[in-house]
Amino acid sequence: MYKIQTNPSGTRSIDITDGHLQTIDTYQLFRDLIDSNGYVDEQVLEKLKFNIRALLESETGKDKALLDLCLDVIYHPNMKAFGLQQLVLLYINWKNKVNEEHDTPKQPDQSKPAN
């Protein structure tokens with residue numbers, strides 16, 4: 001469980017689960033979301049909501065995990081542009097951690113003799 005700050009003063013936050021991050025990854029919700037200027041503003045949040053609505057209206061959008069992400073995070077009353085920026089940063093860190101775990105070769109068990 002992670003917690004993101006949703007306003008600069010730190011008085012509001014949203015809890016994020018690994019499931020939420022996995023859903024973002026599965027649907028690639030952040031792909032091409034942010035313009036080349038790199039700013040996350042209210043228009044970017046609205047674009048994300050629009051993209052998710054389109055997914056929910058399609059056949060592939062019948063996923064409970066996507067609905068949970070919407071209810072718990074994206075449409076949360078505290079979610080604003082600042083919170084989305086924090087969510088994007090959390091997702092990047094989470095994705096890097098997951099990639100590192102998959103890329104790390106497993107060490108052979110040294111206690112067993114080789115045949």
Side-chain angles (χ1 to χ4, degrees):
M1 178 81 65
Y2 308 93
K3 186 173 285 228
I4 59 167
Q5 186 176 320
T6 58
N7 65 354
S9 64
T11 57
R12 296 181 185 220
S13 62
I14 298 175
D15 292 328
I16 309 296
T17 66
D18 283 314
H20 293 136
L21 296 170
Q22 182 60 48
T23 302
I24 291 168
D25 191 49
T26 300
Y27 287 97
Q28 300 180 359
L29 296 176
F30 293 157
R31 174 177 265 168
D32 300 326
L33 183 67
I34 301 170
D35 294 333
S36 61
N37 64 17
Y39 292 115
V40 177
D41 56 14
E42 294 300 322
Q43 288 179 335
V44 174
L45 180 58
E46 290 303 313
K47 181 178 175 182
L48 175 62
K49 288 179 179 181
F50 179 74
N51 291 344
I52 291 175
R53 261 182 264 149
L55 281 172
L56 289 171
E57 290 174 359
S58 71
E59 284 299 314
T60 59
K62 306 295 186 219
D63 184 10
K64 182 183 179 326
L66 185 59
L67 289 171
D68 288 343
L69 176 68
C70 287
L71 294 173
D72 298 342
V73 180
I74 305 302
Y75 287 94
H76 191 283
N78 291 340
M79 180 55 80
K80 304 288 184 229
F82 186 88
L84 180 57
Q85 180 180 6
Q86 298 304 306
L87 181 60
V88 169
L89 293 174
L90 173 64
Y91 172 76
I92 291 168
N93 290 333
W94 175 84
K95 187 67 175 172
N96 288 337
K97 182 181 171 188
V98 168
N99 287 341
E100 283 177 11
E101 290 172 0
H102 288 292
D103 291 342
T104 305
K106 295 197 183 335
Q107 297 295 324
D109 188 359
Q110 299 295 328
S111 64
K112 295 181 182 176
N115 289 343

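Taking the side chain as every heavy atom from C-beta outward, Asn51 and Leu55 never approach each other to under 4.5 Å. By the 4.5 Å heavy-atom criterion applied to side chains, Leu69 and Ile24 are counted as neighbours. Counting only heavy atoms from C-beta outward, the side chains of Gln43 and Asp35 never approach each other to under 4.5 Å.
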Working for side-chain contact (heavy atoms from CB on, under 4.5 Å), residues Phe30 and Leu87: CA-CA 10 Å; Phe30 293 157; Leu87 181 60; 3.9 Å; yes

Check step by step if side-chain hydrogen bond (donor to acceptor under 3.5 Å, both in side chains) holds for Thr23 and His20. CA-CA 5 Å; Thr23 302; His20 293 136; over 6 Å; no

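Other residues, nucleotides and ligands contribute more than 12 heavy atoms inside 6.0 Å of the CG atom of Asn37. Gln22 CD: more than 12 foreign heavy atoms inside a 6.0 Å radius.
The minimum heavy-atom distance between Lys47 and Asp32, with the atom names listed, is NZ-O, 3.0 Å. Residues Ala81 and Leu45 come closest through the heavy atom pair N-CD2, 4.2 Å. For the residue pair Asn78 and Ser13, the shortest heavy atom distance occurs at ND2-O, 3.7 Å.
In terms of modelled atom types and a separation under 3.5 Å, the side chain of Asp41 and the main chain of Val44 share a donor-acceptor contact.
With rounding to the nearest 0.5 angstrom, the CD1 atom of Ile16 is 4.0 Å from the CD1 atom of Ile4. Interatomic distance, Leu66 CG to Leu56 CG, rounded to the nearest 0.5 Å: 4.5 Å. Between atom NZ of residue Lys49 and atom OH of residue Tyr75 there is a gap of 6.0 Å, rounded to the nearest 0.5 Å. The CD1 atom of Ile14 sits 9.5 Å away from atom NZ of Lys80, with the distance rounded to the nearest 0.5 Å. Going from atom CD of Glu57 over to atom CZ of Arg53 covers 8.0 Å, rounded to the nearest 0.5 Å. Going from atom CG of Leu84 over to atom CG of Leu90 covers 11.5 Å, rounded to the nearest 0.5 Å.
Cluster membership for Ile34 and Met79, using ILVMFWY side-chain heavy atoms within less than 4.5 angstrom, is shared. Leu89 and Tyr39 are members of different hydrophobic clusters when ILVMFWY side chains are connected at heavy-atom separations under 4.5 Å. A single hydrophobic cluster is seen to contain both Leu21 and Ile52, as judged by linkage of ILVMFWY side chains at heavy-atom distances under 4.5 Å, directly or through other members.
The side chain to side chain donor-acceptor pair (under 3.5 Å) contacts involving residues 83-97 comprise Asp18-Trp94, Asp25-Tyr91, Asp25-Lys95, where partners must be two or more places apart or lie in separate chains.
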